Structure formats: structure tokens, C-alpha cells
Protein chains: 4
Amino acid sequence: MNERSLIIVVIMHSKRNLILRAAEKIISTGGIQGLSMQQVANEAGVAAGTIYRYFKDKNELILELRKDVLSQVAAAILQDHQIGTLEERFKRIWMKMHEYGKQASPTNLSYEQYAHLPESNTEEIRALEMKLFEPLHRLFEEGLEQGVIQPLHPRALYAIAMEPSMAMARAIRRGLIQYDQKDITLACDLCWRAILIPTTPTN
Amino acid sequence: MNERSLIIVVIMHSKRNLILRAAEKIISTGGIQGLSMQQVANEAGVAAGTIYRYFKDKNELILELRKDVLSQVAAAILQDHQIGTLEERFKRIWMKMHEYGKQASPTNLSYEQYAHLPESNTEEIRALEMKLFEPLHRLFEEGLEQGVIQPLHPRALYAIAMEPSMAMARAIRRGLIQYDQKDITLACDLCWRAILIPTTPTN
Amino acid sequence: MNERSLIIVVIMHSKRNLILRAAEKIISTGGIQGLSMQQVANEAGVAAGTIYRYFKDKNELILELRKDVLSQVAAAILQDHQIGTLEERFKRIWMKMHEYGKQASPTNLSYEQYAHLPESNTEEIRALEMKLFEPLHRLFEEGLEQGVIQPLHPRALYAIAMEPSMAMARAIRRGLIQYDQKDITLACDLCWRAILIPTTPTN
Amino acid sequence: MNERSLIIVVIMHSKRNLILRAAEKIISTGGIQGLSMQQVANEAGVAAGTIYRYFKDKNELILELRKDVLSQVAAAILQDHQIGTLEERFKRIWMKMHEYGKQASPTNLSYEQYAHLPESNTEEIRALEMKLFEPLHRLFEEGLEQGVIQPLHPRALYAIAMEPSMAMARAIRRGLIQYDQKDITLACDLCWRAILIPTTPTN
DNA sequence: GATGAATGAGACTTCATTCAT
DNA sequence: GATGAATGAAGTCTCATTCAT
């Protein structure tokens, strides 16, 4: 790739990205229903027609945004995921997920909008989700192989130990709970121990 | 209230309810975006204009439906909530929530659509939620007073111990986990013990 | 049908017809390309959305207009078609077609727009055309059975004897030929004799 | 003109022609309504902006194409038009017109799209048409001068004797008549005799 | 109270045309 | 000369809402 074509790709990506970020922002504020192509155009500072150079139609824009947001979330949550013991790895992910979920950033807010959509275009999204969060599944599977984690399906383990992280973050973000670091640490620990097989104390 | 006006109220309520049920069904299928007043009218078997005799506008219809659905969910989950020990009460609620969340009923499916909406009309909804789920909060508070439950905000306890119930139900409904009664019982038990303060074994 | 429902049907037809006539007028002026739904609405004196109560979309509007116009043309041309000898019947149709084609009426002008469209929705139109112009085909077939007309496919006979009627009308309408009744009579007679099998004069 | 500028002109003409042929092809397939500048550019293998170096705007492109197509049609139909007797000349033109009209070539198909357009830009087109088909008019005029052809305006003669050629070709192309060479020859002969002044047989 | 035809604002999308490169 | 990204006006169509019956 020569310099010229590199510049073209960068510009193209920057405009495509501009549009995605605009859509993300609007969704984070007004929900998916509140997303109009004209608004996206205004927010992105481009003409309405320009969006259609980068996305076939509104559906594709939303789908691509979902994929983009999912990737961002996964990257933030799974940063440094492979360092340390099982427990350290679990707690790092739990805490990062919590930190991330607490933010009122466009990315996080728009992320929540997608979570419970009626099942549409889900095949592609689900496959991407699987791929992106694979390290997390592997974490549970390692625990299962080592016999230290309760014998449940990784998704069930996720539901029990990880969902609370997001749920608490949401509650904090919405001002329903006062934020206190000590409580978070405790909650994280409780979640970890919830799926551990207890070791009988030797006396 | 005389007999005649009673009948009128009943009929009125039945038509109002017809419309709510129609809206619920449509939302459960196509999401909130897929809700058009004409569709609601068709599904309810009334004229489009009739809806406006019972609801000021579409927003109010959706708001009223949210409240209606929330009440139904609460009633289903909190049935017999006051019977038994703390543990029995917790587990009964957990299981009922799980059973409810597993269904693909219009009420449950439409319920999920509301959960993560952008914050709008939320004050009224939040107050209702508080009121309806008060027994659940009381359960946690009793446990806290008795010193058997981890010292966390009731909402945090809810996040840790109850959210997994819904999360698993969702995963099962979507076919991501195979359903196995033994696993559910285990998960329920893990959730309960997660928030318990462990009793030091006496020897 | 009671009086009330009759009125409803009449009103409905009148509005539907209003829209068709508006579309016809616009097409006669600016061609099919020049037809915008907003224009039709303006011309018909209704709101744009109203058109969609009577026609699914623009395609259907155009298709229905084609059918409507075709019916009008056929009715005008085949008026009294069954009276008299073969020759009289032929010449009456020829002359009526000519008279009709000479007009600059919206119906006639829009009719011409459809004649040479790229083949689309043609199945339904073709069937209707067959049905409406059946008397004309029968005329040729009778002539063939009686052995007085040249042994050609009715469509070929139509092309030879009838198309000139429309073609001349067009030329007159466009001001390319001066209109002279004697010439028309001659042309009509030439067309009729063109497809006749000449009778050998006995001496 | 030196060699270099000659090359430039040739190249320029070739690109201009490329664009015309692309437009012709698209119109033949999807009608004039289906013609978008982007499509023309794609089909011609040039950038959209390039079209505007050769044609002021879309209208001019269409106008130029009409003129171009008209010239092609005239050239095809009037090939060798001056050879032979009146009858031979007439029949040669009739048959060539028929052969040409039967084809589903882009040129012929797009030609039909123009024939019945609402009257716009017609002055220029009409003048060109006059000039191109002058030999055909002359043929009729010669016949009139010689007193062998019916005393009608050349356009009327054209309508009576030539339009059937195109009309039959169209019917054959569209599959409405089975093609049979003998019938064509008969039709051609009938058309010729239709405008002839019959010679009283001497006995 | 109920109806549903009508409205018209606003949504999505296309496409002729321009212009910086 | 050529490119094609960008523009934005204009088109089609939907739908919440009103109102005469």
C-alpha cells in the first residue's frame, strides 16, 4: 500500500467512524427509536446522502454499530485478561466490566440498547460475541477443568458471576446505589466465591 | 356506584385492557419500534381513533403498558412471597422469577423491551417498581437486620443474587443453554449462599 | 346495499377516481417520469398520504391507471361495434379510433405513454387488453371465416389495417398533417381494402 | 488538424460514444426512468463526473442519444434505398424496417422508448428526423408525381404503408405472433398495394 | 362512545451534479 | 482530462393524530 492509498483508507475510515460515533451518541441519548438518518448526518457533520456511501441502509448502519460497539466493549473488558491466577484474571475482568458499565459514555449507553432487542440480525452478532468473549469462556473452562469451579455451563457461570457486575454498574450509574469502593470489592469477591467449589477447611 | 355505571366501567376497562394486551403482543414480537397505532387497533379489534379515548397518545399507551406489565411480573414473582424462612422465601422468588423469565409469553417478552430504555418517563416507573418489589427489598433488609446477609445495599444484593436468575432464564429461552432442573437448583443455591455471611463451622 | 353504504361506495369511488384523473392529467403533460405522488396529491386536492389509502404504492397507481385508461379507450372505440356489415363495423371502429386518437385529452395522451413501456406488469395488462378488444379480434376472425379477408394472424391484420388509424391521428394531433375529412375517409377505405381479398371482376 | 489533435478527437469521440452506448443499453433494459448517471458511468467504465465533460446534463445526454439512435435506425433502414423501381425501393425499406424492428438490440429497444415521449425538445429531433428520412418522403413524392400512388400527404402514406411494418415487428418481437416469412412478404405486399392507385385491367 | 378516512409532518433513500484532487 | 466522494434537493412512503359522521 502506497502513501496515497493509505491516506485514502484513513480518510475513509475516519468518515465512516465519524458516522458511527454520531449514531452511537444519538442512540445513547434517545434510544434506537430516536435514531434518524438526518440526525446522524447533522451530528456527524456530513450530508444525509453521505451516510449511504458507507452503509447500505439504516439497518446496516445499526448492525455495523452493534459490531463496532461490541468490539470496543470487549477490548476494554478483556484488557490484560491473560495475566495472573484464575482468581486474578476473573476479578480483573469483573472490575473492568464494572468500571466500564458505570460510565455514561455513548459507547456504554448505546451498548445497553442492543442487549435486549427482539431477535433480528442476531446470527452475525452472536457469532462475533462468541469470538470476542472467547477468553472469558476459556477462563471458566479452565476453572472447570481444574475442578475448582462449580460444574455448570459457562454461560450459567457467566450469569451468576458476571452479570452482577454489569447490574451493579447500571444501578450506580443511574444513581440508585451510592458508590463505595469497598462494597464493589466485596461484591466482586462474593461473585468469585459464588462459583468456586468450597475447599473443606482442614483442622 | 350504581349497576349501570359499574357495567360501563367494566366494559371500559375491558376495552382498555384489550388495547394494552394488543400492544403487549405486538411489542413482544417486533419490539417497541415495531409498534404502530394501526397495528394495535387491528390486533385489538377496535378502530384507531378508539385508542385515543383510553390513552392520550402513543407515549402514554407505552407508559401505561410498562406499568401494567411491571405489575403482572411483580405479581407472578412475589406470589406467596411471605411464607417460610428467609432462605425459602428467597429461593421461591428466585425460582418464580426464573420460571417467568424462561417463558416466551407476550408479557415477558415485552417486559424485556423496557428494561434498558433510555431514561424517559422513568420517575413514575421507578416509583412503581419500588412499590411493587418492596417485599423483595424487605427480604434483604430482614436478612441484614438478622446479620445473616452480607452488608451491602439491597440493590447490590439484588444484583448479585437475583439478576442471575433472569440472566439464566434469558439464556435458556434463547436456546443458549440446555435446560436441566438440577443445574437450576444448584444455581439458585449458589446465588443464595453468595450473599450469606458464612457461619464458622463449630467443631 | 342500503343508502348509507351506497353513498360510501360512491364517495370512495369518487376520491379514487379523482386521484386517477389527476395522475392521468400529469402523465399526459409530463410523461410517466414526470409523475410524482406529491403532484398527484396537489392536482387531486388531497393529501399525499390519502393516495395510499386507495393504491398500495406508485406502481399500483400506475397499473390501475393503465387499466382504467385502457378501458376508457376500448369503450370509446368499440361503441356500437356490432352494428352493420363487416365493412361498416370495421370502418366505424377505424374512424372512432381515429377520432379518439386525434384528441389531446389527458386520457388519450396518457394512453400513448404506456404503449411502449419496457415490459413490466405486462401480464395483467395484456390479459385485460385481450378481453377488452376481443370484439375487434372477432371482427377479423369473422372476415377470415367468410374468406373475404387476407389469411393473416388477426394481430397482423390489426397492424396493417388499424395501426395507420392511430398513426395518422397522432400526426394530425401533432400538427404534422393538415386535417382534411376527405383524406381520412380515403385512408380508412384504403386500410379496409388492404386486407380484403380482391374479388376478380367478372365480365 | 495535426496527428496529435486527431488522436485526441478520436479518443474523445470514443469515450463519448462509450457513454452513449452505455445509456442506450440501460434504457433498452429498464426504460428511460431506469437511467441513472451512476449506472451509465458504471456501464461505460468511466467516472460519473466524466459524463459531464461530454454532455451538459442528463437531458442533453438523452437528447444526444435520441439523435444518435435515430441516425442509426435511419442508416439501417435506408441502406441501398435508391436502387431499383419504386416498388423495389419501397419493399426494401419496408423489409429492412421490419428486420430492424424485430431485433431486441439495445438500439432498437431504446428507440421505442423515445417514440411516444411527451413533447419536449422535439423541435430539434423533428428536424433531424425530417432530414434523415428525407429519402423515404422522396419515394412517396415520386410516386405521387408519377400518379401511381394515392393522393395523400406523404405522412399519411407513411402511416398507412410503413407503420404496419414496425407494428408487426413489435408484435413478433414480443412473441404475440409467430414469425413466418411468407406472411411477412404478404403483409409487405398488401401495404404496398394499399397506397397504389389500382390500374384498371385491360381485357 | 366508536369509527376510520383524511391529514401532513417527517422518515428513509436516491440521484443529478459539483469540485477538490 | 478524469475521478469519485460529497452534497442536498426531491422523491416515496409511513404513521400518529384528528374529526366529521
Side-chain angles (χ1 to χ4, degrees), chain A residues 4 7-8 11-12 15-16 19 33-42 44-61, chain B residues 8 11-12 15-16 33-42 44-62, chain C residues 4 7-8 11-12 15-16 19 33-42 44-61, chain D residues 8 11-12 15-16 33-42 44-62:
Chain A
R4 186 192 158 85
I7 288 170
I8 288 172
I11 288 172
M12 177 161 161
K15 189 150 280 189
R16 187 188 132 101
I19 293 166
Q33 304 151 70
L35 186 76
S36 90
M37 299 302 262
Q38 191 54 60
Q39 260 181 96
V40 173
N42 294 346
V46 301
T50 303
I51 300 173
Y52 292 85
R53 286 200 66 74
Y54 298 94
F55 306 95
K56 187 167 73 53
D57 56 18
K58 193 181 179 180
N59 272 345
E60 191 178 290
L61 170 59
Chain B
I8 289 174
I11 287 173
M12 182 166 155
K15 191 157 276 190
R16 188 188 132 99
Q33 302 153 74
L35 186 78
S36 89
M37 298 303 261
Q38 191 54 61
Q39 256 183 102
V40 174
N42 293 346
V46 301
T50 303
I51 300 174
Y52 290 83
R53 295 206 69 78
Y54 298 94
F55 305 94
K56 185 166 76 53
D57 58 15
K58 192 181 179 181
N59 273 344
E60 190 180 290
L61 169 60
I62 291 176
Chain C
R4 188 192 156 85
I7 288 170
I8 289 172
I11 287 171
M12 177 163 160
K15 191 150 277 188
R16 187 188 133 99
I19 293 167
Q33 304 152 70
L35 186 77
S36 92
M37 297 304 262
Q38 191 54 60
Q39 259 182 97
V40 173
N42 294 345
V46 301
T50 302
I51 300 174
Y52 293 85
R53 284 200 66 74
Y54 298 94
F55 306 95
K56 187 167 72 55
D57 57 17
K58 193 181 179 180
N59 273 345
E60 192 180 290
L61 169 60
Chain D
I8 289 172
I11 287 173
M12 179 164 158
K15 192 157 276 190
R16 186 188 133 99
Q33 302 154 71
L35 186 78
S36 90
M37 297 303 261
Q38 190 55 60
Q39 258 183 101
V40 173
N42 294 346
V46 303
T50 303
I51 299 174
Y52 290 82
R53 296 205 69 77
Y54 297 95
F55 305 93
K56 184 166 78 51
D57 56 18
K58 193 182 179 181
N59 272 344
E60 190 179 292
L61 170 58
I62 292 176

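Because only heavy atoms are used, hydrogens play no part in the values below, and waters and symmetry mates are left out as well, while side chains stay in. None of the values given here were measured: they were computed from a predicted structure. Numbers restart at 1 for each chain; the letters A, B, ... are given by sequence-line order, proteins then strands.
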Once you round to the nearest 0.5 Å, how far does CZ of R53(D) lie from NZ of K15(D)?
10.5 Å
Compare the minimum distances between each of dA11(E), dT3(E), dA16(F) and the side chain of S36(B), then state the nucleotide with the smallest one.
dA16(F)
Toward the 5' end of DNA chain E, by each residue's nearest nucleotide, G49(A) or A47(C)
A47(C)
Would you kindly give the CG-to-C1' distance between L61(D) and dC15(E), to the nearest whole Å?
14 Å
Expressed in angstrom and rounded to an integer, what is the separation of N42(A) atom CG from dA11(E) atom P?
10 Å
Under 4.5 Å between any side-chain heavy atoms of N59(A) and F55(A), yes or no?
no
Using atom CG of D57(B) as one end and atom P of dT18(F) as the other, report the distance to the nearest whole Å.
8 Å
Given atom CZ of R53(B) and atom C1' of dG4(E), what is their separation to the nearest angstrom?
15 Å
Distance check, rounded to the nearest 0.5 Å: Q33(C) atom CD versus L35(D) atom CG?
9.0 Å
Taking atom C1' of dG11(F) as reference, at what distance in whole Å does atom NZ of K58(C) sit?
8 Å
Which nucleotide, dC13(F), dC15(F), dT13(E), lies nearest any side-chain atom of A48(C)?
dC13(F)
Go nucleotide by nucleotide along DNA chain E from the 5' end; which of L35(A) and Y52(D) gets its closest nucleotide reached first?
L35(A)
Under a 3.5 Å cut-off for both distances, is dT21(E) Watson-Crick or wobble paired, and to whom?
dA2(F)
Rounded to the Å, how far apart are K56(C) NZ and dC13(F) P?
8 Å
Nearest to the side chain of M37(B) - dT17(F), dT3(F), dT12(F)?
dT17(F)
Report yes if at least one side-chain N or O of Y54(D) is closer than 4.0 Å to OP1 or OP2 of dA2(F); otherwise report no.
yes
Hey, could you give me the NZ/CG distance between K56(C) and L61(C), rounded to the nearest 0.5 Å?
11.5 Å
To the nearest Å, give me how far apart CD1 (I51(D)) and P (dG1(F)) are.
16 Å
Please report the interatomic distance CD1(I51(B)) to CD(Q38(B)), rounded to the nearest 0.5 Å.
7.5 Å
In terms of side-chain heavy atoms of T50(A), which of dA16(F), dA6(F), dA2(F) is nearest?
dA6(F)
Starting at CZ of F55(B) and ending at C1' of dT18(F), how long is that distance when rounded to a whole Å?
18 Å
Determine: side-chain N/O of K15(B) to OP1/OP2 of dA2(E), distance under 4.0 Å, yes or no.
yes
